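Worksheet for the structure shown next.
Only a predicted model underlies this, so the values are computations on that prediction, with no experimental measurement involved. Chain identifiers are assigned alphabetically (A, B, ...) following the order of the sequence lines, protein sequences preceding nucleic acid strands; residue numbering begins at 1 within each chain.
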There are 2 protein chains.
Amino acid sequence: MSMNYDKYAHEPFAVTADLAVLTIRDGVLKVLLVERGQEPYKGHWALPGGFVQPDESAETAARRELAEETGLSDVSGLHLEQLRTYSEPDRDPRMRVVTVAFTALLPHLPEPHGGSDAAQARWVPYDTAGPLAFDHDRILADAHERVGAKLEYTCLATAFCPPEFTLGELQQVYETVWGTALDRPNFRRKVLATPGFVEPVPGAARLTGGRGKPAALYSAGTATALHPPLLRPTPEGRPA
Amino acid sequence: MSMNYDKYAHEPFAVTADLAVLTIRDGVLKVLLVERGQEPYKGHWALPGGFVQPDESAETAARRELAEETGLSDVSGLHLEQLRTYSEPDRDPRMRVVTVAFTALLPHLPEPHGGSDAAQARWVPYDTAGPLAFDHDRILADAHERVGAKLEYTCLATAFCPPEFTLGELQQVYETVWGTALDRPNFRRKVLATPGFVEPVPGAARLTGGRGKPAALYSAGTATALHPPLLRPTPEGRPA
DNA sequence: AGCTTTTATAGTCATCACGACTATAAAGAG
DNA sequence: CTCTTTATAGTCGTGATGACTATAAAAGCT
């Protein structure tokens, strides 16, 4: 049939952009949620999101929503990625809503607030985030899986970190998202052996906050891909 | 704002499902295209697709379109994967159309035909497929990139092959999609060392079509992931 | 028949990535 | 001034892999 607009009737759809905004706070993976103020799912938590406006792409709408919900003045540099689209006919009981889901990765921020919007946005630990409104549990699970997979073969982990970070903090990103412990010397060797993953901060800056030997500071490099990949430990008896 | 349906007006969108259907014929990567019979882009080639109906998900619509365009009676077993959603406001000059793009992988089929639909569907070599209508060039390029990447870490390549195939045919899938030559003994070793990738056809069946020593026949295994991955040769001076 | 060509399959070898360790250095806590 | 804690520097063996060489089994010649 191939897009015959005149011959085939089409029902209007509402299109929304929903966001799975993830961060790591205190070694815990957290997701930004809003509390619904009306039916359906009134009182339930949900992923932030909203309608795509007539002059917007879904990406633009997602970035606008991200700015509104986090209250950040500049979200242009944040990592925002289209996850997938959810279009089951009954996913919203009121009307036909197709949602384009996005994933955003944020470093540890001062404190979130509802922004200019009245809706309360809060960081909730990933493990205790369900059950959410609509099919948002599945969207959140898909986002988690996607991020975990992308850590393997991209330099995405630095998106969770502040501008300057230690290798220990970077390792904690992997450990928190994957839920597994990693060997510290091996992690260090792997990261430093990948050109463009991290760059040492000039001036021999070191972080000496807590106990122990102070750690060297690094900043995110220019590379985006990771070759060869940094594979997570095989959970089962998989080969190699 | 988080999905306040009553407070915020929303313009109706049309939602379509478009398909990048890929196959390998005669060692060439080909894509299924339809010729547009009306404006805009009349006479241009485009990816097959159509409107998502009120009672369908985008996945269901895509599978229905796939059956209509290919004329296949059973498309339930074919590999169909959501690629991403394209929602630029000006991507269709007539109205606001958001399309959910899918990628389908088909083995070499007898001959395609317009199916029950009047639109002519034809296999076109990937390299000579452009320029297409709307933003379909980009969708097709995204599909190619996605498939190339998934060949690395999944057993997806068998989806291009008939039920029984030789390792040479499987290797040609990789070489055609990636556009690079692979070492045959190494490819063989890698595939056979991956449990569940391919299974030998019982009865010591062998294919002795052309010249040379007849090749053993294999069928697709049950595994879906590839650990460790089968990385494509590094195009540039990347590490290892 | 014999020879060549062609493709499939078997094996070798060196390198490199990586998991599992051990060892040392530099800070704070008691 | 030692003990603990964290960062960093190595070591060692194994396995995956790229680059080869070698052999087997068919078709096509002359």
Side-chain angles (χ1 to χ4, degrees), chain A residues 27 151-153 161 164-175 178 180-195 197-198 200-201 204-218 225-240, chain B residues 26-27 151-153 161 164-175 178 180-195 197-198 200-201 204-218 223 225-240:
Chain A
L151 287 188
E152 288 194 332
Y153 55 94
C161 296
E164 296 187 350
F165 52 89
T166 69
L167 293 187
E169 290 172 325
L170 186 65
Q171 181 176 347
Q172 205 178 52
V173 170
Y174 280 87
E175 293 180 331
W178 287 350
T180 63
L182 298 175
D183 181 83
R184 203 184 286 262
N186 289 342
F187 179 83
R188 173 190 192 78
R189 172 180 51 177
K190 174 69 182 175
V191 171
L192 294 181
T194 303
F197 195 174
V198 298
V201 171
R206 300 187 151 248
L207 186 68
T208 175
R211 293 180 279 253
K213 178 174 174 178
L217 287 176
Y218 296 85
L226 219 55
H227 274 268
L230 178 53
L231 299 174
R232 49 190 141 179
T234 69
E236 319 162 39
R238 279 189 300 195
Chain B
D26 314 315
L151 287 188
E152 288 192 332
Y153 56 95
C161 295
E164 297 187 348
F165 53 88
T166 68
L167 292 187
E169 291 172 324
L170 186 65
Q171 180 176 347
Q172 205 179 54
V173 170
Y174 280 87
E175 293 180 331
W178 287 349
T180 62
L182 298 176
D183 180 82
R184 204 184 284 263
N186 289 341
F187 179 83
R188 171 189 194 78
R189 172 182 50 176
K190 174 70 182 175
V191 170
L192 294 181
T194 304
F197 194 174
V198 297
V201 171
R206 299 189 151 249
L207 186 69
T208 173
R211 294 177 280 253
K213 179 175 175 176
L217 288 175
Y218 295 85
L226 219 55
H227 275 268
L230 178 52
L231 299 174
R232 51 190 139 179
T234 67
E236 321 162 36
R238 279 190 298 191

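- Taking B/E152 as the reference, B/R232 meet the salt bridge (charged side-chain N to carboxylate O under 4.0 Å, His left out) condition, with sequence neighbours excluded.
- Here B/K190 does not reach the OP1 or OP2 of D/dA16: none of its side-chain N or O atoms lies under 4.0 Å away.
- Between B/R189 and C/dA10 there is no side-chain polar atom (N or O) within less than 4.0 angstrom of OP1 or OP2.
- Which of C/dC13, C/dT9, D/dT8 sits closest to the side chain of B/A216 comes down to C/dT9.
- For B/P228, whose side chain is taken as the heavy atoms from C-beta onward, the closest listed nucleotide among C/dA10, D/dC20, D/dT17 is D/dT17.
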Discussion item. How would you summarise protein contacts on nucleotides 23-30 of chain C per nucleotide, using B for base, S for sugar-phosphate only and - for none, with heavy-atom distances below 4.0 Å?
Written reply: --BBB---
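- Once rounded to the nearest 0.5 Å, the distance linking NZ of A/K190 with CG of A/D183 reads 14.0 Å.
- We find that CG of A/L217 is positioned 15 Å from C1' of D/dT8, with the value rounded to whole Å.
- By the ring pair (Phe, Tyr, Trp, His ring centres under 6.0 Å) test, A/Y218 pairs with no residue at all, sequence neighbours left out.
- Between the CG atom of A/L192 and the P atom of D/dA7 there is a distance of 13 Å, given to the nearest Å.
- Atom CZ of A/F165 is separated from atom P of D/dT6 by 20 Å (rounded to the nearest Å).
- In this structure, the nucleotide among D/dC12, C/dT9, D/dA7 sitting nearest to the side chain of B/R184 is C/dT9.
- The side-chain contact (heavy atoms from CB on, under 4.5 Å) test applied to A/Q172 returns A/T176, not counting sequence neighbours.
- The distance from atom CZ of A/R188 to atom C1' of D/dT6 is 11 Å, rounded to the nearest whole Å.
- Comparing B/D183 and B/T166 against DNA chain C, the residue whose closest nucleotide sits nearer the 5' end is B/T166.
- Separating the CG atom of A/L182 from the P atom of C/dC21 is a distance of 15 Å, rounded to the nearest angstrom.
- For A/E175, the salt bridge (charged side-chain N to carboxylate O under 4.0 Å, His left out) test picks out no residue, with sequence neighbours left out.
- When the C1' atom of D/dT6 is taken as reference, atom CG of A/L167 falls 13 Å away, rounded to whole Å.
- Under the rule for a side-chain contact (heavy atoms from CB on, under 4.5 Å), the partners of A/F187 that lie at least two apart in sequence or sit in another chain are A/L170, A/Q171, A/Y174, A/L182, A/V191, A/L230.
- Here CG of B/L217 is found 9.5 Å from CG of B/L167. Values are rounded to the nearest 0.5 Å.
- Between the CD atom of A/Q172 and the C1' atom of D/dT6 there is a distance of 13 Å, rounded to whole Å.
- In this structure, the CG atom of B/N186 is 13 Å from the C1' atom of C/dA14, given to the nearest Å.
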